[in-house]
Amino acid sequence: MAGGSVTTGAEGSVLLKWIATLGLLIVVAIPCLFIVVQAIFPEFGSGSFAAPFSLFFKTLSDPALFGMAGNTLLLGVGTVICAAVFAVPLAALRALYRVPGALIWDGLLLIPFMIPPYIAALGWIMTLQPRGYLEQVTGFNMASLLFSVSGIMLIMGLNTFSVVYFVLSRTFETIGARYSDVGRVFGAGQWRSFWRITFPLAMPGLAASLLLVFAMSIEEYGTPAALGRRIGFEVLVTGIENRISEWPIDLPGSATLSLVLVGMALVAFMVQRWLLNRRDYRIVGGKPQASDKRSLGVWAVPATLLFAFVALLATGLPILAILATALSRTISGGLKPSNMGLDNFRELLGAGSDGLIALGNSLMLGTTTALLAGLLGAITAYSVVKGRGRFRIVLDALSITPNSLPGVVVGVGIILAWNQPWLPITPYNTPFILLLAYVCILLPQPVRYATASLHQLGDNLESAARVSGAGPLRAFTRIVFPLILPSMVTAMILVFAVASRELVASLLVAPVGFQTIAVYIWQQFDQGSAGLGMAMAFCAVLITTLIPLALISLLRWLTRGSVAGLS
Amino acid sequence: MAGLELRNIRKSFGSTDVLKGLSLEIADGEFLSLVGESGCGKSTLLRIISGLEAPDSGEVLIAGEVVNTASPKDRNISMVFQDYALYPHMSVAQNIAMPLIMARLPLHARLPLVNLVSPRARSIKPVIASEVEAVARQLRIEHLLNRRPAELSGGQRQRVALGRALVRHPKLFLMDEPLSNLDAKLRVEVRKEITELHQSTGYTFVYVTHDQTEAMTMSHRVALLQKGELLQLATPSTLYADPNSVSVARFIGSPEINILPVSVGAEDLRVGTVVHPGLAFNLSSCVQIGLRPEAARLVGSQDVSTDFKLAYNRHLSEDLGHEVLLHGTLAGVQDTPFRLRVSQAIGQRAVLDTQEELFVGFDCSDLLYFDAQGERLRDARFSMAMREAAQ
């Protein structure tokens with residue numbers, strides 16, 4: 001008897017496999033497909049496949065596209081350089097020397113992760129614009145730097161460099177402790193062994209984190225939109241947003257630009273994956289490493305000042321500017337005690353106010369997204385880990401595709417897919433469309449956490465349940481899912497924090513009159529109510545940081561350390 | 001009726017053929033060991049029996065029924081895993097109760113909260129609890145029921161894994177190297193307990209191991225696997241005394257059997273420097289012989305009582321107390337190591353201690369004859385089995 005078609009469930013639950021496939025098709029594949037179709041068939045929106053490729057090549061050879069693509073690359077490279085300039089010296093100092101207050105600097109440099117870049121950019125505008133806080137306090141007018149291409153790079157570099165800093169300082173530390181001793185025994189000094197051994201070995205990690213910064217900066221909407229538009233510096237992201245939200249709406253154009261942008265992000269992402277999958281020297285063993293950090297001596301003060309200066313730039317100034325604006329009764333009133341008060345917060349959080357509704361909407365959407373993305377992510381990761389053959393490759397590819405899909409592209413894809421006139425029912429123009437967008441953008445996070453955690457589970461645990469009489473589905477729900485739940489919770493908290501303040505997809509697909517935190521902030525700033533917008537920004541940062549922290553501490557306390565993975 | 005029957009099972013992973021048409025039959029209530037070096041396909045075979053893998057072709061029959069398409073949960077089997085695979089998020093009691101909960105509680109009665117009000121759950125739960133306790137008592141782990149697996153020692157985890165497998169009253173009890181994570185002393189202890197468990201339950205046991213001692217001491221019959229093929233399926237004593245091939249002879253027995261090259265004439269047999277004449281020897285294709293280290297013995301230089309007597313060049317001796325293990329070579333076969341067990345009991349030790357020059361003696365009837373392919377050649381006159389029968 002041929003056994004080829006026999007299903008014993010060794011490949012995991014068939015039901016879960018189909019749920020994962022269906023979920024990924026709806027959330028990821030359909031928007032992607034519609035972008036491609038729309039780019040090829042310009043008349044697709046009116047139900048016609050006429051004139052394929054007629055606009056595709058025209059858009060591709062459009063000088064405006066070259067300009068935007070060039071600007072995008074320029075911005076990406078410039079941001080990477082700025083981030084490297086900020087991160088590499090700090091990481092090297094942190095790894096090789098005993099920096100006074102090192103843990104405090106680490107904590108402060110974590111904060112940029114919690115501030116969405118568009119909020120930081122608005123903070124910078126408040127600080128550096130003509131008659132901004134810097135000019136009020138010191139008399140310097142740096143508006144020309146703010147509204148310049150290098151200013152945008154600098155600000156985006158400050159927003160992203162902590163990614164590089166943390167990866168690199170850990171890498172330097174582990175590699176340094178292991179190899180540079182060897183170099184020094186054979187006669188190299190500390191700096192020499194750093195340059196000859198540690199730094200070359202850390203190159204893959206450095207390159208990978210810089211590529212991540214590159215991808216983040218070419219996908220970023222808020223900063224280029226807030227600053228670049230004023231000086232006519234248009235990048236692909238803002239170009240796409242422009243074509244789909246401003247009259248005349250150019251669907252084929254935005255689809256084609258989306259493809260170009262995704263192509264760039266995909267290349268960055270693939271190179272990064274390739275770098276990390278090659279031999280990675282950052283293997284963390286359980287072995288405690290002798291810390292041979294040196295004292296900075298007379299350089300302690302300058303080094304501390306450098307850390308303080310960068311931390312102030314990256315963390316302090318944006319937050320202070322946000323807070324100052326939020327507390328100012330009027331912007332024109334300036335930084336005077338008489339102008340300070342809680343008026344903006346009162347208006348924002350007053351009963352039945354728009355702000356309160358937007359907050360509620362975002363928290364609700366964030367929570368639902370976290371649950372949905374967490375569940376779909378866990379099921380997808382399980383199906384990929386258990387799966388075999390072609391099916392597995394398709395699922396795996398679909399689940400990591402959103403990594404290279406910028407939020408703006410997801411927005412375009414969703415509009416193209418769900419705004420088709422022939423659809424009998426559609427989530428378009430309901431809050432559910434935001435849910436689809438958020439789940440698509442954030443799906444890679446839970447998938448990554450779940451995959452890592454599934455690989456740590458012994459294969460036999462599931463086999464044991466199966467032999468004990470559980471079907472594949474029951475083995476998943478009773479054994480596998482409870483065991484990966486702790487790391488799924490961490491992933492879901494992360495998803496919540498990002499989803500509840502996502503900007504560009506929300507701007508594109510939010511139903512008319514439906515406000516989220518980000519949309520509210522953006523509109524208030526546009527309408528000149530910067531104070532109200534900044535009050536919301538401050539609340540958003542506070543809420544989306546404090547709720548996750550509180551949840552994680554609560555979980556840690558509840559499980560009392562008996563469950564690993566809550567970090 | 002056979003407890004388990006495998007018919008021509010084939011399985012390959014990619015281009016690697018792991019099982020190449022394997023058939024065997026296990027009687028109801030039998031204890032059978034699957035033995036072989038790592039990579040021989042024994043664990044894959046166990047996973048196919050349990051239903052965790054599907055064979056590429058062939059049939060699996062449990063209690064006379066073809067179960068190829070049945071999922072593991074419908075085969076009524078139990079399995080003990082090498083790493084025990086205890087659910088880390090459940091207590092010992094929950095671990096053991098799991099198979100019963102799976103089998104007896106319907107879906108709605110297993111849901112959280114609902115299970116508190118479900119009459120079915122309320123009536124079954126005490127039954128399950130008492131069965132779990134009974135199994136725990138049998139394995140002497142009733143004091144551990146509320147602990148988590150992480151709080152148990154290796155031996156205790158082993159018992160919990162056994163308990164989880166026992167509680168279901170399976171038709172077939174599968175064990176995948178269950179002792180390999182235990183230390184040597186505990187292993188002997190648990191070995192005895194598993195044998196007793198088999199005797200008291202009467203279940204059909206299939207036991208996978210790479211350790212021949214476990215297989216030989218515990219099982220009724222042993223199936224020796226090599227590269228996906230069944231070399232021999234027989235009782236432990238038959239495997240030892242009457243192996244089908246050099247491979248079987250080499251795998252079974254420690255220290256390993258001595259395999260020596262020989263040349264065969266019309267009426268004689270030459271081993272090293274010695275020719276034994278006057279044989280009506282009809283095993284003309286014989287090119288090698290096997291001789292167990294305890295089948296030969298030390299003889300005095302004047303002793304002529306054995307068919308063969310060869311000078312022994314001792315390289316090393318290992319004194320184990322009750323016996324001495326000698327490593328060396330025989331005169332004329334310097335390239336081939338020859339191991340000898342010198343027992344304390346039969347006065348051989350005295351020879352070893354007093355003689356300067358050593359001689360090894362053995363008879364034609366002590367030898368196992370093999371052809372160039374390593375297949376066994378049987379001549380009734382020299383068969384060990386015949387000799388045993390005569391005694």
Side-chain angles (χ1 to χ4, degrees), chain A residues 1-17 386-390 392 453-489 555 558-566, chain B residues 7-11 13 47-60 66-90 94-104 107 110-111 148 150 161 164-165 167-168 170 172 174 176:
Chain A
M1 176 183 149
S5 59
V6 172
T7 319
T8 58
E11 300 182 16
S13 161
V14 179
L15 177 69
L16 292 180
K17 199 162 86 173
K386 296 293 291 181
R388 292 173 195 178
R390 227 170 296 158
R392 173 202 174 109
S453 158
L454 281 170
H455 279 302
Q456 285 173 355
L457 282 192
D459 212 19
N460 279 345
L461 280 173
E462 203 191 346
S463 299
R466 304 274 317 287
V467 171
S468 304
L473 185 61
R474 223 188 284 177
F476 177 80
T477 53
R478 291 291 294 229
I479 306 299
V480 177
F481 193 70
L483 287 173
I484 64 170
L485 192 60
S487 64
M488 293 317 298
V489 170
L555 275 171
L558 279 178
T559 55
R560 286 182 192 84
S562 66
V563 179
L566 284 177
Chain B
R7 291 182 187 155
N8 204 20
I9 300 289
R10 287 178 190 279
K11 178 78 184 174
F13 293 114
R47 289 178 69 83
I48 287 177
I49 297 171
S50 67
L52 292 168
E53 294 280 352
D56 294 340
S57 67
E59 285 180 323
V60 180
V66 178
V67 292
N68 278 36
T69 51
S71 91
K73 65 172 178 149
D74 301 323
R75 297 188 182 197
N76 195 14
I77 46 172
S78 280
M79 190 155 166
V80 177
F81 293 84
Q82 185 173 5
D83 55 4
Y84 315 141
L86 299 178
Y87 313 127
H89 57 311
M90 297 181 184
Q94 287 170 320
N95 262 285
I96 297 178
M98 198 64 178
L100 298 182
I101 293 173
M102 298 281 188
R104 296 187 194 163
L107 178 68
R110 280 184 274 111
L111 293 174
R148 291 276 174 107
R164 184 176 64 184
V167 78
R168 207 180 167 201
L172 201 54
L174 308 175
D176 188 4

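The sequence lines fix the lettering, A, B, ..., with proteins before strands; numbering per chain opens at 1.
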Query - Heavy-atom side-chain proximity of Met90(B) to Ile479(A) below 4.5 angstrom - result: yes
Query - Within-4.5 Å side-chain heavy-atom neighbours: Leu461(A) and Pro88(B) - result: yes
So which heavy atom on [X] is nearest to which on [Y], and how close?
X: Ala465(A); Y: Tyr87(B); value: CA-OH, 3.0 Å
X: Gly471(A); Y: Lys73(B); value: N-CD, 3.6 Å
X: Val467(A); Y: Arg168(B); value: O-NH1, 2.7 Å

Requested in this report: Against chain A, label Leu174(B) side chain, backbone, both or neither, depending on which of its atoms sit under 4.5 Å from a heavy atom there.
Outcome: neither
Query raised in the report: To the nearest 0.5 Å, what is the distance between NE2 (His89(B)) and CD1 (Ile484(A))?
Result: 11.0 Å
Query raised in the report: At what distance, to the nearest 0.5 angstrom, does CE of Met102(B) lie from CZ of Arg466(A)?
Result: 10.5 Å
Report summary line: Residues at least two apart in sequence or cross-chain that pass salt bridge (charged side-chain N to carboxylate O under 4.0 Å, His left out) with Arg7(B), listed by chain then number, are Glu5(B), Glu59(B)
